[in-house]
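Each remark here refers to the structure printed beneath this line.
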Amino acid sequence: MNKSVILGAATVACLSAGAAAAGTLDDVKARGKLNCGVASGLVGFATPDANGEWGGFDVAVCRAVAAAVLGDPKAVEFVPTTGKTRFTALASGEIDMLARNTTWTFSRDVDLKFTFVGVNYYDGQGFMVPKELGVSSAKELDGATVCIQTGTTTELNLADFFRTNGISYEPVPIETNAEAQQQYLAGACDVYTTDASGLAATRAAFEAPNDHTVLPEIISKEPLGPLVRHGDNEWGDVVRWTLNALITAEELGVTSANVAEMAAGTENPEVNRLLGSEGSLGEMLGLDAEWAKRAVMAGGNYGEVFEKNIGENTPIGLARGLNAQYTDGGLIYSPPFR
């Protein structure tokens, strides 16, 4: 690692420690608005509509946190970030949290001083090619030009995969998914590689999605989730347990349609603790008793958020797979509310 990279990491770490010391929960409450870093435009995950209203799978996490803390899922300032800018935006305090299909890795946690509060999508890196290329496996891509976003885990994964398989490639560096889409469709690269969910989202936005194939190989583990700064534990707890509330709500059958009724009290003690009719979990977080109820009302439980934004009945068309509840053979699992 060269000196500039070391200094860059140190700068991000110092910024992170300084911004965290202020206490983000108090800042957000005083400001009356959550500043949430998101992707610069990824269909199904984070993108504004024609009216400038942001929506998507990652956006829903921001809105749930705003609902829990501020009582209003719309009290969010969405800050578009790229692979390069996202960590500086979080470390400097420009944003309060990052919910931008970001992979939890050792170096981002330990060296850049960020706390990943959980995983909202278990993913892996894949490859997309035009069907007319006649390729059926990533191992047939020797000599290909590959569009790849800079500042991402996909750069290292790509190099490792081609090296392991004894084949070569020519990288075509890009900064945003929109740029990647443009370059790929213009033929500037033979292949686009990113997280498989991102490939599905990108392909769904094409005029002729069926002209493009996502190859079968998944070459990495990409646990994606929201993150906050190290040292800001109180705020980290709020974001962590808001995500867990959406996950637990699905497990316990709490939905946007029945949450108001169930919040009045049920026969299930964990539902009661979650929704605030028993115990003092909200108070422990520095919030009121109905924080989790509002988080679920904002956009539904985890399953509702998934199906609405990226599920099999959307243009993205993603099956639950690893992102099914643990009770259905997936990896989605929340610690207990007790």
Does the distance from a Lys or Arg side-chain N to an Asp or Glu carboxylate O, for [X] and [Y], drop under 4.0 Å?
| X | Y | value |
| --- | --- | --- |
| E53 | R63 | yes |
| R86 | E175 | no |
| D237 | R240 | yes |

Locate the shortest heavy-atom distance separating [X] from [Y]; write the atom from each residue and the value.
| X | Y | result |
| --- | --- | --- |
| L318 | F306 | O-CE2, 3.5 Å |
| V238 | T242 | O-OG1, 2.7 Å |
| D109 | F116 | N-CE1, 4.3 Å |

Return the set of residues passing ring pair (Phe, Tyr, Trp, His ring centres under 6.0 Å) with [X] (not counting sequence neighbours), or none when no residue passes.
| X | result |
| --- | --- |
| W235 | none |
| F162 | Y169 |
| Y192 | none |

Anything under 3.5 Å between a donor and an acceptor, one on a side chain of residues 65-76, the other on a protein residue two or more places apart or in another chain? List them.
from	atom 1	to	atom 2	distance (Å)
D72	OD1	K74	N	2.9

Quick one: which of T103, T154, T193 gives a side-chain hydrogen bond (donor to acceptor under 3.5 Å, both in side chains) with Q125? T193

Nearest 0.5 Å, please: how far is CG in L112 from NE2 in H230? 9.5 Å

Applying disulfide bond (SG atoms under 2.5 Å apart), which residue pairs with at least one partner in residues 91-169 are found, sequence neighbours left out? C147-C189

Any residue meeting side-chain contact (heavy atoms from CB on, under 4.5 Å) with [X], in chain and number order, not counting sequence neighbours:
| X | result |
| --- | --- |
| T327 | Q325 |
| T314 | I316 |
| S277 | N272 |
| E290 | D288, K293, R294 |

Taking the side chain as C-beta and beyond, is there a heavy-atom pair between L98 and F87 under 4.5 Å? yes

Could you check whether the rings of W241 and F337 sit parallel, tilted or perpendicular, using 30° and 60° as the cut-offs? perpendicular

T115: partners by side chain to side chain donor-acceptor pair (under 3.5 Å), with sequence neighbours left out: none

Residues in side chain to side chain donor-acceptor pair (under 3.5 Å) contact with E179, at least two apart in sequence or another chain: none

Does N313 have more than 12 heavy atoms from other residues, nucleotides or ligands lying within 6.0 Å of its CG? no

Non-neighbouring partners of E304 that pass salt bridge (charged side-chain N to carboxylate O under 4.0 Å, His left out), sequence neighbours left out: none

Candidate pair S334 and E251, rule side chain to side chain donor-acceptor pair (under 3.5 Å), full reasoning: CA-CA 9 Å; S334 165; E251 181 188 345; over 6 Å; no

Donor-acceptor pair between E222 and T153 side chains, under 3.5 angstrom: yes

